[in-house]
2 protein chains.
Amino acid sequence: MNKTICGCNKCNHKLCTQRVSIFSSLNIEQLEKVGELINHKEYKKGDLLIMEGESSESLVIINEGQVKAFKTTQDGREQILYIFSEGDFFGERNLLRDFASPYSVEALEETHVCLIHKSDFQILVKSFPDIAVKIMEELCQRLDRLEHALETMGARTVEARVSSVILEFAEKYGKEHPKGILIELPLSREGIANYIGLTRETVSRKMSLLQSEGILEMIGNKKILLLDRVALEKNIE
Amino acid sequence: MNKTICGCNKCNHKLCTQRVSIFSSLNIEQLEKVGELINHKEYKKGDLLIMEGESSESLVIINEGQVKAFKTTQDGREQILYIFSEGDFFGERNLLRDFASPYSVEALEETHVCLIHKSDFQILVKSFPDIAVKIMEELCQRLDRLEHALETMGARTVEARVSSVILEFAEKYGKEHPKGILIELPLSREGIANYIGLTRETVSRKMSLLQSEGILEMIGNKKILLLDRVALEKNIE
DNA sequence: TTATTATTATGAACCACGTCACAGTTTTTC
DNA sequence: GAAAAACTGTGACGTGGTTCATAATAATAA
């Protein structure tokens, strides 16, 4: 069984399929059936799951861990497009036709994924049309995120861009804390820079500025304590 | 009948549904049935089809004409996200749940649209699951476009951004011409600037530069003759 | 056509971000 | 826990894009 391939206790088929929204319309029996079609794979931090231009044969569902999806521009920059976490998927472009991956995907930490082969997925969609609708919803959310990102990238002031990312991360990775919101950053300063199209130095400087203004507090390199959310939101306006 | 509402000869139900890819899996009888659910509407240049934040009850399919979809940023800038032409649709976010429109849409010229009401569309998807798959494909294309746009916006040089738009427009609106590719611009200089996050002046200057380099020739304000496509492509690298 | 309006081109000055360099700090590894 | 490696902060400087102002041109109306 695949269970043994993975080994972790979280990652048996039932849970694996249950935690993904695209299968949320299926009942338990159906989920088990889907589970039989799934393969598992593990990656270490820094491992590439797929390279831009490569064609993959599977839909990839993140079961544990975190990855970044990015394009490498001709001038060598890395433009990060998405950060996928548990329950997110990618590879949907390949499912219906034969497309090359529009981006590379790299593990930001130890990551476990579920794989469904293209051909299996096509059968699945025919049997359970609701899956297509769910994917549609998920794609719409992704469009929302990109549209918002584009708006951010076009922002006149760099201050607004940095503030915007911090707020985004606060939403996604923030936890309550007596003094404010504690954010575990998924990216380094350089990663953040590549996410919003700036340089590492500029991000550093702006974050220092925000700290000196008492808006946030940097805790080591990987955490931020957001003290004054309202002030950040004003920065965007 | 709705035919009379519209009045144009292109825009009878059959053609209206036939020219849209999301209905391409349907046969003629089915298309006629869909046609009965459709309403028509016309807009003049400058008219707003929908405002950001408004919730619409329909999927809107462009039947004739051209529109721009944009967000108005808090600092007053207008970030253009899409230019929709014949066969494109918008309003898909509202179909399944009750979402507000993520952007405003304004007619760039006389524009005729087909409207399908949310409730009708939901029934349609249940009867013809392939429609969801088609929409999925279309959404994937839109993701491609946005991902590419984000990469462009992050580009170090402004030259690359301007070159990138001109190439995009050449693909979409270019016609063969003895000297190169004749492009009918859908946007003014200011519009182009709002599309790639620059100022009107910078776009002007860069285009003048490209003209002086013999890469293109500006014909009035609304046309460009692209003389050296290869040189433009090199600009992006 | 001419008059009017809208759009575009271009110059000059400013300043913010990128670049380069290096010191300081955090994180990882053994 | 110490050493190595990776990452971050910050100063100085130059460049290029924005801003503001104005002239020139194109599109539209009369």
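Chain A is the first sequence line, chain B the second, and so forth, proteins listed ahead of strands; every chain is numbered from 1. We use all heavy atoms of the structure for the numbers below, so side chains are in, but hydrogens, waters and symmetry mates are not.
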TODO: Could you grab the distance from atom CZ of A/R189 to atom CZ of A/R200, nearest 0.5 Å is fine?
DONE: 10.5 Å

TODO: Start with the C-alpha gap between B/E159 and B/K206, add the side-chain angles, then the distance that decides, and say whether salt bridge (Lys or Arg N to Asp or Glu O under 4.0 Å) holds.
DONE: CA-CA 7 Å; B/E159 207 119 354; B/K206 290 299 163 194; 3.7 Å; yes

Open item on the list: Nearest to the B/R189 side chain among D/dG9, C/dA9, D/dA12, which nucleotide is it?
Closed with: C/dA9

Open item on the list: By nearest atom, which of the nucleotides D/dG17, C/dT10, C/dT19 is closest to the A/E201 side chain?
Closed with: C/dT19

Task: Watson-Crick or G-U wobble mate for C/dT27, both contacts under 3.5 Å - done: D/dA4

Task: Nearest to side-chain heavy atoms of A/S188, which nucleotide of C/dA9, C/dT10, D/dT8 - done: D/dT8

Open item on the list: In this structure, how many angstroms lie between the C1' atom of D/dT8 and the CD1 atom of A/I192, rounded?
Closed with: 11 Å

- [ ] Using a heavy-atom cut-off of under 4.0 Å over every strand shown, decide if A/E190 touches base, sugar-phosphate, or nothing.
- [x] sugar-phosphate

Task: A/Q211 CD to D/dG9 P, straight-line distance once rounded to whole Å - done: 8 Å

Open item on the list: Other residues, nucleotides and ligands only: do more than 12 of their heavy atoms fall within 6.0 Å of NZ on B/K172?
Closed with: yes

- [ ] Could you check how far CG of B/N194 sits from C1' of D/dT18, rounded to whole Å?
- [x] 14 Å

- [ ] Compare the minimum distances between each of C/dT26, C/dT7, C/dT19 and the side chain of B/N221, then state the nucleotide with the smallest one.
- [x] C/dT7

Task: Toward the 5' end of DNA chain D, by each residue's nearest nucleotide, B/K45 or B/T157 - done: B/T157

Task: Interatomic distance where CZ belongs to B/R205 and P belongs to D/dT18 [whole Å] - done: 9 Å

TODO: Would you kindly give the CG-to-P distance between A/L185 and C/dT27, to the nearest whole Å?
DONE: 11 Å

Task: D/dT18 phosphate, OP1 or OP2, under 4.0 Å from B/T199 side-chain N/O - done: yes

Task: Spacing between B/R161 atom CZ and D/dG16 atom C1', to the nearest angstrom - done: 12 Å

- [ ] Compare the minimum distances between each of C/dA9, D/dT8, C/dC20 and the side chain of B/S204, then state the nucleotide with the smallest one.
- [x] C/dA9

Task: Residue met sooner reading DNA chain C from 5', once A/L198 and A/I219 are mapped to nucleotides - done: A/L198

- [ ] Provide the closest heavy-atom pair for B/A107 versus B/L49 in the form atom of the first, atom of the second, distance.
- [x] N-CD1, 3.7 Å

Task: Shortest side-chain distance from B/S208, nucleotide among D/dT10, C/dT10, D/dT18 - done: C/dT10

Open item on the list: Students often get this wrong, so: under 4.0 angstrom with heavy atoms, is B/K206 touching a base, only sugar-phosphate, or nothing?
Closed with: sugar-phosphate

Task: Sidechain-backbone polar pair: B/N235 side chain, B/S163 backbone, donor-acceptor under 3.5 Å - done: no

Open item on the list: Would B/R142 and B/F89 count as a cation-pi pair here, with the cationic atom under 6.0 angstrom from the ring centre and within 45° of the axis?
Closed with: yes

Task: Gap between atoms CG and P, on B/L209 and C/dT10 respectively (whole Å) - done: 10 Å

TODO: Verify the contact: side-chain N or O of A/K222 to OP1 or OP2 of C/dT28, cut-off strictly under 4.0 Å; return yes or no.
DONE: yes

Open item on the list: Could you tell me how far apart A/R200 (CZ) and D/dA6 (C1') are, to the nearest whole angstrom?
Closed with: 11 Å

Open item on the list: So B/M207, base contact, sugar-phosphate only, or nothing? Heavy-atom distance under 4.0 Å.
Closed with: nothing

